[in-house]
Amino acid sequence: MSEEKKIPYKIYLSEDEIPKQWYNVRSDMKNKPAPLLNPGTLKPMGFEDLRPVFCDELIKQELDDTTPYVDIPQEVQDFYKMYRPSPLVRAYCLEKALGTPAKIYYKFEGNNTSGSHKLNSAIVQAYYAKKQGLKGVTTETGAGQWGTALSMASAYLGIDCKVYMVKVSYEQKPFRREVMRTYGASVTPSPSMETEIGKKINAEHLGTTGSLGCAISEAVEVATKTEGYRYVLGSVLNQVLLHQTVIGLEAKAALDKYGVTPDIIIGCAGGGSNLGGLISPFMGEKLRGEKDYRIIAVEPASCPSFTRGKFAYDFCDTGMVCPLAKMYTLGSNFIPSANHAGGLRYHGMSPILSQLYHDGYLEAVTAEQTAVFEAAQRFARVEGILPAPESSHAIKVAIDEALKCKETGEEKTILFGLTGTGYFDMVAYQKFNDGDMTDYIPTDEELEKSFATLPKVEGI
Ligand SMILES: *Cc1c(COP(=O)(O)O)cnc(C)c1O
């Protein structure tokens, strides 16, 4: 007990304790994530095949299933020092409000202008683009956090940044858009009339408000057709999970200082990058048989890739120009209902996490958005931070688990990822506050329709 008292509200590491290497969880996986396939030939894609789309160094990281630790370039380490280490917070106030014997910790990644963990990978990708002598990068953004993060990183390094922003967000989140423009990025609503794929999607889906899968296709098209540009992606890919392990490594180092071992680790899952980054060092111990943890992915009931998706090769984008990835997917045509306000709208899931889930190393649950916003409000009122709707999926399940402990009297230690702040999500909060928020769960028929579009990949 006396040991317990010493744990501060916030455990900060010193600047010197920011990780100098990322941890590659694939090195400890017996079943490696399946390789990316060429959408035309269905052959695994190697370094040369990926070069027109991605930066060289990032392709090496993408394909590297064996190196356990990868050095973080000094320039990236220096950038990390502007906003890292991020605090690991003991949620004393939330514990008290819930009356739970559980001990709750969260790793808060919202302490930078982009408001989320995405900056951890944006700076790396922009860095390698610049190092390769490129002029700029293209990308998509949904809610806007990734686009903002990449704009910040590109501005810092002095390279150009073209963002294709899902149209509904472009219209609903004008302030996000202006943040990106302030950092010098060009922002185009997607589907646009500037690309072949954008024109096609606009013609086929009249009045569409866009989707991430569609914005990705546009960004890839522009990258491959414009000299000196490459495409970068803010989630899903192996390289992004690698960069995000800075979250888990810091969290583990902070907990280790106080001899704390979590029983349950919880993260929200869109494309899987924050969850993968948070759990990687813990998962490594689990894979090596050193320790065991309960690991829970939380996804929206309106976009349930893990819990209702298929583990199959699928396109990463609507335009079917990207490599095929083997992942839990709802089908690349799947577009979550327009009333879904809580982010995490991507149809697929990180191939690494998909393989781990398939092999039984992590659990997944869904949360409905009204319950997610209730959890967000509860959290904001006691812990002070206004959470992003995405992050609030993790809060919801952390609260559920803490309340279970209240019933059983168990003093479990819960760690969850608080990925960001929700200041740009006030339209969604307004809906919730006005009582206008609804929950939409796709029907089996809708999902079947979408599964029907999965590519037929035989023999794998
Ligand atoms: C993008 C984002 C997510 C979801 O993306 P993952 O790749 O699944 O981590 C979660 N929270 C916030 C705040 C985000 O911006």
Side-chain angles (χ1 to χ4, degrees), residues 86 106-122 125 139-152 163 165-166 169 173 176 179-180 212 215-216 232-248 265-280 295-300 303-306 316 325 327-328 336 340-354 356-357 362 364 367 369 372 376 379 385-397 416-425 428:
S86 73
Y106 57 89
K107 180 73 170 159
F108 179 48
E109 290 292 319
N111 257 344
N112 67 75
T113 293
S114 78
S116 83
H117 64 288
K118 297 213 170 65
L119 195 54
N120 300 333
S121 182
Q125 301 198 43
T139 199
E140 79 296 335
T141 199
Q145 287 97 324
W146 168 246
T148 310
L150 190 67
S151 306
M152 289 172 70
V163 180
M165 186 172 190
V166 178
S169 301
K173 300 191 173 185
R176 268 277 176 216
V179 177
M180 287 185 256
L212 270 181
I216 294 174
V232 296
L233 181 62
S235 184
V236 185
L237 295 175
N238 300 341
Q239 52 183 283
V240 184
L241 254 76
L242 177 74
H243 307 151
Q244 294 296 355
T245 60
V246 68
I247 304 172
I265 306 170
I266 301 166
C268 64
S273 74
N274 87 83
L275 178 68
L278 175 68
I279 68 173
S280 274
I295 297 174
I296 310 175
V298 191
E299 56 185 16
C303 192
S305 324
F306 268 136
C316 294
M327 56 188 176
Y328 278 86
H340 170 67
L344 311 176
R345 333 177 103 247
Y346 190 60
H347 66 274
M349 187 54 68
S350 136
I352 294 178
L353 292 186
S354 293
L356 289 168
Y357 179 67
L362 69 125
Q369 67 174 349
V372 166
F379 180 86
I385 297 169
L386 181 84
E390 293 91 340
S391 324
S392 305
H393 288 74
I395 299 176
K396 157 82 173 68
V397 173
F416 74 88
L418 188 70
T419 50
T421 45
Y423 302 120
F424 289 105
D425 298 287

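Indexing begins at 1, ligand by ligand and atom by atom, following the structure's order. Note: hydrogens, waters and symmetry copies are ignored here, and every other heavy atom, side chains too, is used. Note that this is a predicted model, so its numbers are computed, not measured.
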Students should be able to answer this: which protein heavy-atom is nearest to [atom], and at what distance?
atom	value
atom 12 (C) of ligand 1	T419 OG1, 3.3 Å
atom 10 (C) of ligand 1	E390 CB, 3.4 Å
atom 4 (C) of ligand 1	L344 CD2, 3.4 Å
atom 5 (O) of ligand 1	K118 NZ, 4.0 Å

At a 4.0 Å threshold, what atoms of ligand 1 neighbour a non-hydrogen atom of [X]?
X	value
S116	13 (C), 15 (O)
C268	10 (C)
H117	2 (C), 3 (C), 9 (O), 10 (C), 11 (N), 12 (C), 14 (C)
G270	8 (O)
Q145	13 (C), 15 (O)
S235	6 (P), 7 (O)

| field | L278 vs Q244 side-chain heavy atoms within contact, under 4.5 Å | value |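 Heavy-atom side-chain distance check fails, nothing below 4.5 Å.
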Check whether [X] reaches the backbone of [Y] with its side chain - one donor and one acceptor, N or O, closer than 3.5 Å.
X	Y	answer
N274	G267	no
S392	A376	no
E299	F306	yes

| message | Students often mix this up, so state it plainly: with edges at 30° and 60°, are the rings of Y357 and Y328 parallel, tilted or perpendicular? | response |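 Because their plane-to-plane angle is over 60°, the rings of Y357 and Y328 count as perpendicular.
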| M165 side, atom CE; K173 side, atom NZ - distance, nearest 0.5 Å |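 Between atom CE of M165 and atom NZ of K173 there are 7.0 Å.
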| Which is closest to atom 6 (P) of ligand 1 by heavy-atom distance: G420, A388, S273, S121? |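 Checking each option, the heavy atom nearest atom 6 (P) of ligand 1 is found in S273.
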| message | Tell me every residue that passes ring pair (Phe, Tyr, Trp, His ring centres under 6.0 Å) with H243, counting only those two or more places apart in sequence or in another chain. | response |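 Per chain and number, H243 pairs via ring pair (Phe, Tyr, Trp, His ring centres under 6.0 Å) with W22.
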| said: So for ligand 1, is S391 a polar contact partner (N or O within less than 3.5 Å, distance only)? | reply: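 No - when backbone and side-chain N and O of S391 are compared with those of ligand 1, no distance drops under 3.5 Å.
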| message | Tell me whether G115 has any N or O atom under 3.5 angstrom from an N or O of ligand 1. | response |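 It does not: no N or O of G115 is found under 3.5 Å from an N or O of ligand 1.
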| Taking atom types as modelled and ignoring hydrogens, do the side chains of S391 and T419 form a donor-acceptor contact shorter than 3.5 angstrom? |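 A donor-acceptor contact under 3.5 Å links the two side chains.
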| task | Only counting residues at least two apart or in another chain, list the ones meeting salt bridge (Lys or Arg N to Asp or Glu O under 4.0 Å) with E109. | result |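 Partners of E109 by the salt bridge (Lys or Arg N to Asp or Glu O under 4.0 Å) criterion, ordered by chain and then number, come out as R84.
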